[in-house]
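The model shown is predicted, which means the values in this text are computed figures rather than measured ones.
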Amino acid sequence: MLTATAGHAADYTEADVVRDIAYVPMKDGTRIAYVSYRPKTGRHPTVFAYSPYNGNSTSFETAKAFLDAGYAYVGANFPGTGCSEGVIGHWVDGFDAKEGIYGAEVVEWIARQSWSNGNVGMIGNSSLGTLQFWVASHRPPHLRALVASGVEDGYEYWLSPGGMLQIESTAGYVIHTENVTQARGAQWRISRGDKECAAIRGSDRQTLAYAFFDEVRKHPLKDAWWDAANLATKDVAGKVAVPTMIIAMEQDNYGGAARESARLFSRLMPNVKNKRLVLMNGNHGNGGPGGYSLADNERMRFLERWLKGVKNGIENEPPVAVYWEVQEPDGDPRKSVAGWTTAHAAWPAPEVERQTFYLTADAALSPDKPAASAEDGARAYLYPIGTELVGGNTQFALVPNESGVLNYRTAPMTADMTLLGNPEVTLYLSIDNGDDTDVALTLKDVDPDGNVLFLQSGLLRASLRAIDKEQSYADEVVPFYNQSEMLEPGKIYEIRLSLLSPIAHVVRQGHRLELTVAAPNPIPHPNIASIPAGAPSINRVYHSEKYPSRILLPVIPGALAKAPPPPCGTLRSQACRKETKFEPGGLPMR
């Protein structure tokens with residue numbers, strides 16, 4: 001009989017384990033569809049993946065890594081999705097008390113099974129990561145740990161970052177999930193003997209009240225409808241009390257998942273004694289099970305400590321781990337390697353100092369404050385004809401229309417400048433037409449050979465510029481997003497925004513940092529895609545003592561790169577292109 005012992009993994013085949021495809025009854029009679037895998041004998045700690053996609057049809061191949069490590073595995077769909085019964089508004093906005101209550105009941109059901117030792121931990125990426133907080137907020141007694149990655153809030157960190165409705169992340173994503181992902185999962189169960197799923201799907205036992213994309217379009221502002229699905233509150237994240245690891249990818253292609261993760265970790269989990277934040281470069285899937293092997297290793301160490309009780313020392317390590325310049329040899333995430341790693345006592349890292357670089361009228365980023373002058377130092381660009389598509393090397397190679405962007409560059413660095421955290425940008429901006437505009441930023445590293453490396457984006461609808469000072473902190477400017485304050489042509493406005501997510505990057509000696517001001521675009525790159533607000537306009541950015549447009553950078557003084565820079569175009573979700581000269585952009589106006 002195959003078993004996993006401390007320090008030794010088993011190597012199960014599907015024939016070595018028991019698989020159950022069945023339903024868990026809830027207290028109100030609703031039945032939650034699940035699939036479980038477990039060794040044929042013994043009692044085991046269990047990992048639980050709770051999903052709106054195909055958790056109830058998880059394959060053996062997905063469960064195998066956890067089985068080999070000594071766990072039982074349960075995957076389930078929350079109500080109204082997959083083959084689970086339930087009446088909900090819509091499965092996407094299901095991040096609410098009902099789904100949390102049902103998930104907590106599943107946790108306790110697992111703990112009562114003869115094959116369970118009573119220790120249950122939750123795992124999962126994206127929605128599966130987000131749902132963990134809703135379940136944990138109900139404090140089921142046998143829940144021992146959360147390991148969440150790709151965590152995202154409905155409005156500002158996923159569907160409407162910057163207050164801009166993301167078309168691909170709503171309509172495209174929802175339609176594909178409903179008609180492809182869930183349908184395939186249901187068919188998987190039916191083909192393996194589930195005789196009830198076909199009768200449940202499409203019946204009054206599984207009901208969605210409305211079309212999600214239609215409902216989203218009714219709520220362009222962050223109102224009570226969105227607040228009801230917000231995990232970043234004292235009533236959800238604030239009630240989590242079990243050890244929690246959050247894994248975040250800096251270039252997450254759904255927007256601000258890493259920013260949400262940092263805020264949860266630093267601001268919204270006061271009851272969690274043993275918490276850990278793991279930050280890496282990469283995209284939405286790289287932090288989930290089966291993504292980067294580096295993330296999987298962190299996940300397994302955390303589960304080993306809090307589900308198995310193995311004294312592996314993780315609880316004594318600094319709570320923040322940063323993996324710099326993660327690469328994938330042969331394009332294989334299972335071979336992922338980091339240039340180096342660092343550990344930090346908190347987030348934001350205490351050693352970070354915020355350094356200001358000012359945007360100048362001659363297209364520079366300068367540490368020197370603008371001098372007193374009668375001139376306002378304005379630069380103009382034509383809105384919205386300039387954009388930068390950052391989803392991949394092919395898109396990124398399309399250089400933005402120079403009349404529709406403003407570019408700013410630093411002088412070559414005289415020493416390495418190490419960035420850890422979220423840059424903040426302040427623009428003094430006016431429009432000459434319409435009543436609104438969208439600001440789309442990109443921050444890039446430019447090496448001496450002209451290789452331009454994407455670091456991060458920033459988005460904000462100017463009419464939603466009002467800032468929630470109570471929620472904002474050193475690493476994030478948080479807008480209210482709940483009231484539009486339209487712009488007047490010719491009037492100068494202060495626009496403050498953080499980038500979509502924090503970054504860990506070294507601008508090496510001889511390299512430059514470049515900031516681009518542009519417009520959004522409905523072409524996905526790959527999931528960020530929105531229709532620009534306002535009307536065609538000549539937009540101006542100001543650079544004077546009175547209107548000091550600037551970027552605030554999170555710098556670790558004296559920290560140096562500990563590995564050579566990765567080749568251009570090899571970092572996941574960090575597109576790179578070659579340029580022969582610097583193009584300042586803008587319109588030739590006085």
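Using a 3.5 Å distance cut-off with no hydrogens or angles, the side chains of D28 and Y102 do pair a donor with an acceptor. N77 and S84 form no side-chain donor-acceptor contact under 3.5 Å, judged by distance and modelled atom types alone. Checked by atom type, the side-chain pair T233/D235 shows no donor-acceptor distance below 3.5 Å. Side-chain N/O atoms of E298 and Y323 include a donor and acceptor closer than 3.5 Å. Side-chain contact annotation: S501 with Q251, donor-acceptor N/O pair under 3.5 Å absent. In summary, the side chains of H44 and S116 do not present any donor paired with an acceptor at a separation below 3.5 Å, with no hydrogens or angles considered. With 3.5 Å as the limit, one finds a donor-acceptor pair spanning the side chains of Y53 and S127.
In terms of heavy-atom proximity, L307 sits nearest to A145 at CD1-CB, 3.8 Å. Closest approach of N422 and D475 over heavy atoms only: N-OD1, 2.9 Å.
Taking 4.0 Å as the cut-off between side-chain N and carboxylate O, E328 and K335 do not count as a salt-bridged pair. Of the charged side-chain nitrogens involved, at least one lies within less than 4.0 Å of a carboxylate oxygen, so that E156 and R263 count as a salt-bridged pair. Residues R301 and E304 are not paired through a salt bridge, judged by the lack of any N-O separation under 4.0 Å between the basic side chain and the carboxylate. At a threshold of 4.0 Å, the pair E476-R267 does not count as salt-bridged, since none of the basic side-chain nitrogens sits closer than that to a carboxylate oxygen. Salt bridge status for D11 with K64: present, with a side-chain N to carboxylate O gap under 4.0 Å. Classification of E317 and R276 as a salt-bridged pair holds, one side-chain N sitting under 4.0 Å from a carboxylate O. Look at K40 and D16 and you find no salt bridge, because none of the NZ, NE, NH1 or NH2 atoms lies under 4.0 Å from a carboxylate O.
Judged purely by atom type and a 3.5 angstrom limit, E108 uses its side chain to pair as donor or acceptor with the backbone of H142. Of the possible donor and acceptor atoms, none in the side chain of N253 sits under 3.5 Å from a partner among the backbone N and O of N283. Judged by distance alone, with hydrogens and angles left aside, the side-chain atoms of Q395 form a donor-acceptor pair with the main-chain N or O of P524 at under 3.5 Å. Using modelled atom types, one side-chain atom of Q182 and one backbone atom of G82 make a donor-acceptor pair closer than 3.5 Å. Formation of a donor-acceptor pair under 3.5 Å by the E250 side chain with backbone atoms of A504 is found in this model. Judged purely by atom type and a 3.5 angstrom limit, S463 has no side-chain atom pairing as donor or acceptor with the backbone of E485.
Under the 30°/60° scheme for interplanar angles, the aromatic rings of H219 and W225 are found to lie parallel. Note on ring orientation: taking the six-membered ring where Trp is involved, the planes of F78 and Y50 are perpendicular (angle over 60°, cut-offs 30° and 60°).
By the 4.5 Å heavy-atom criterion applied to side chains, Q166 and L459 are counted as neighbours.
Rounding to the nearest 0.5 angstrom, the gap separating the OG atom in S160 from the CG atom in L165 is 5.0 Å. Taking NZ of K308 as the start and CG of N117 as the end, the distance is 10.5 Å to the nearest 0.5 Å.
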Quiz item: Please walk me through it: do Y481 and D468 pass side chain to side chain donor-acceptor pair (under 3.5 Å)?
Solution: CA-CA 9 Å; Y481 293 121; D468 185 342; over 6 Å; no

